[in-house]
There are 2 protein chains.
Amino acid sequence: MSSSIKDVARVAGVSVATVSRALSGAAAVSPALTERIQQAIRETGYRPNLSARRLRSQDSGTIGLIVADIRNPFFTAVSRAVEDAAYSAGLRVILCNTDENPDKEAMYLNLMEEERVTGVIFAPTRQTADQLNAQDWSFPIVLIDRVGARGGQDAVALDNAAASALLVEHLHAQGCRRIAGVFGNASSSGVERHDGYVAAMFRLGLPPRSTFVPPQALAAEEAVAHWLRETARPDALIASNGLLLMGLVRAVRHAGLQIARDIAVAGFDNESWTEIVEPGLTVIEQPVDDIGRNAMQLLSERLKNPDLPARKLLLSGRCIERGSTRCGGAAV
Amino acid sequence: MSSSIKDVARVAGVSVATVSRALSGAAAVSPALTERIQQAIRETGYRPNLSARRLRSQDSGTIGLIVADIRNPFFTAVSRAVEDAAYSAGLRVILCNTDENPDKEAMYLNLMEEERVTGVIFAPTRQTADQLNAQDWSFPIVLIDRVGARGGQDAVALDNAAASALLVEHLHAQGCRRIAGVFGNASSSGVERHDGYVAAMFRLGLPPRSTFVPPQALAAEEAVAHWLRETARPDALIASNGLLLMGLVRAVRHAGLQIARDIAVAGFDNESWTEIVEPGLTVIEQPVDDIGRNAMQLLSERLKNPDLPARKLLLSGRCIERGSTRCGGAAV
DNA sequence: TTGAAAGCGCTAACAA
DNA sequence: TTGTTAGCGCTTTCAA
């Protein structure tokens, strides 16, 4: 068995309270005793028991971070930003991966409840986002990435509509006119990117052409392959995230087309491979660090002041223009 | 405040012991009381407090998973396999990310101690692997990916030497003779892949050419760029992981060379982008699921039987041959 | 089958 | 500045 604060107290010849105070630094302990306690800790190999601490202090010092897919570089990047910010604030992070599965989302929210976390940062599926009720949970929740239609929740996300418009306008400026897009159907961000795309196309007087697919590369590949077989095929393609973009590229290759020369390609998420794939893919870069940092910030403020009105924070993306959209003014 | 088992007991008109028994199912509780307790749980919105449970039962029901870089798809894949296996065994997983930083490794091992985890699965840096002393920790440790020279520890990893040999032999069969490699210096797997490469080259009577770099794409890029400026430049390049492979590809492109036609390229880790990059990159695919599953398996058995001799499990990789090594027999 | 009660390791109020 | 003690929420003897 590992040794407890009692063992340390006995070895140091002091009370457990003194040991506790020496450890926390909350109250003054004389230098002589502090030294004896340090020595006793070394002798006994004492380690505080976090479960006991949490139980007694009624403070888990922990936040939950629930994301849809940890393999998605967007979420890994955001997670790191959140963890750094949480660590600076003296908080631990429990990272949970839901696989875009509402059952797992419910399971993890329940787990967070049992862990008595002080707060949760959550990227929900669309279904959960639409039903999520803040009152159902004993901790404040900050939504990230998938903000959903319903307001009244703290949230941080990319300004999806504006980002879509950036892509459409860039493609339009390159001479593209038949711009089609595949959008993820699992997340509200997919929906918002779709809506922004449609609105931008409308403003430019172009007919939108779009489809929703499940969050798998293969689904995007098949949808795009279908379009590419048409006679008046699109002259530009958009994908609403990195995974779908990969399927899209595969479909273009498979159809024997060359990116840029035959068809423009653009998407969301500046994953490192998008730079490597010839001739470089034009993408929207999300401010992942800011998203994570701000989510933590909103959560901290909410914890300090539960009565604050809900805030939704939309951050701008940046369009990184690469070879895939230099179409040489082929169309029109 | 959230309600406790006491509240449930009061509402149901039973003792806390009965509620506890009804919840755990460890002892029989009459159907009538079970029903009343269920009702009381619903009324009170009771959630068990995991900290209290862990403290009392002296069992965290939790394992730690400490990896070097969660952005690396290899580790995300292994993590998922570990989590699935742990979940099936009724265990929670605490995921920690060390950034290849020995200080963070020590910090997280200490945290695991304070969380009283039942076991740890750990991919250490080389430095930590060389010093790690099982006796220093109160939980069993299973090493993954980075097994280290010192034996006497449970471990699961790719058979790195054999995998390197696969690559070298494949390149040799394609007609390559001046095969050079960049290897990561942070992990023992980088060292083992290097040693396997050197041994295979030696067997084939070829002069090895290699360098160790820190785990950053840029470092690999610079090392390779240097080689490519030589008159008798390599006719094939190997990188010891996905990150370095990306830097390698960038250097080749930057030098104005075309993969396959001008120089063969191969590496480790079947990341999805390696298929997309023209003309497809030949890579060693690691059995990530098996690595995760077996690590969990070894840990479970160790927990059941602490006196078992240490076991080191080496799993075979698969060479996925793609366009990047179809050199058309240019050389010799 | 049920209840009373002890105690896991810790912190914090209170007393000295 | 230090010690005594209650009790966080839970499980688990021991008795009934």
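Order of the sequence lines sets the chain letters (A, B, ...), proteins ahead of strands, with each chain counted from 1.
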- line: Between A:A26 and B:A27, whichever has its closest DNA chain C nucleotide further toward 5' is B:A27
- prompt: How would you label the contact of A:R54 with the nucleic acid (heavy atoms, under 4.0 Å): base, sugar-phosphate, or nothing?
  reply: nothing
message: Measure CD/A:E114 against P/D:dG9 and give the value in whole Å, please.
response: 15 Å
message: Under 3.5 Å, is there a donor on one side chain and an acceptor on the other for A:E301 and A:Q297?
response: yes
message: Using whole Å, what does the distance between atom C1' of nucleotide D:dT12 and atom CG of B:D59 come to?
response: 15 Å
- request: Rounded to the nearest angstrom, tell me the gap between atom CZ in A:R21 and atom C1' in C:dC14.
  value: 11 Å
field: Closest non-hydrogen atom pair, B:A86 against B:V93
entry: CB-CG2, 3.5 Å
query: Any side-chain N or O of A:S15 less than 4.0 Å from the OP1 or OP2 oxygen of D:dT4?
result: no
Polar atoms only, N or O, under 3.5 Å: list the protein pairs with nucleotides 6-10 of chain C and their distances.
from: C:dG7; atom 1: N2; to: B:R56; atom 2: NH1; distance (Å): 3.0
from: C:dG7; atom 1: N3; to: B:R56; atom 2: NH1; distance (Å): 3.4
from: C:dC8; atom 1: O3'; to: B:Q58; atom 2: NE2; distance (Å): 3.4
from: C:dC8; atom 1: O2; to: B:R56; atom 2: N; distance (Å): 3.4
from: C:dG9; atom 1: OP1; to: B:Q58; atom 2: NE2; distance (Å): 3.4
from: C:dC10; atom 1: OP1; to: A:Y46; atom 2: OH; distance (Å): 2.5
from: C:dC10; atom 1: OP1; to: A:N49; atom 2: N; distance (Å): 3.1
from: C:dC10; atom 1: OP2; to: A:I5; atom 2: N; distance (Å): 2.4

- prompt: Ion pair present between A:E43 and A:R36, side-chain N to carboxylate O less than 4.0 angstrom?
  reply: no
- prompt: Could you give the angle between the helix axes at the two ends of the helix from C:dT1-D:dA16 to C:dA16-D:dT1, with five pairs per end, rounded to 10 degrees?
  reply: 40°
statement: Result for side chain to side chain contact (heavy atoms under 4.5 Å, CB included) between A:L65 and one of A:I121, A:I70, A:V78 points to A:I121
message: Quick test of your reading: applying salt bridge (charged side-chain N to carboxylate O under 4.0 Å, His left out), list the pairs with at least one residue in residues 124-139 of chain B, sequence neighbours left out, ordered by first then second residue.
response: none
field: B:R302 versus B:P306, closest heavy-atom pair with distance
entry: NH1-O, 3.0 Å
Under-4.0 Å salt bridge between A:E114 and B:R92: no
- prompt: Is any side-chain nitrogen or oxygen of B:T18 closer than 4.0 Å to OP1 or OP2 of C:dG3?
  reply: yes
task: Would you mind telling me which of B:L299, B:V117, B:V120, B:I94 makes a side chain to side chain contact (heavy atoms under 4.5 Å, CB included) with B:I63?
output: B:L299
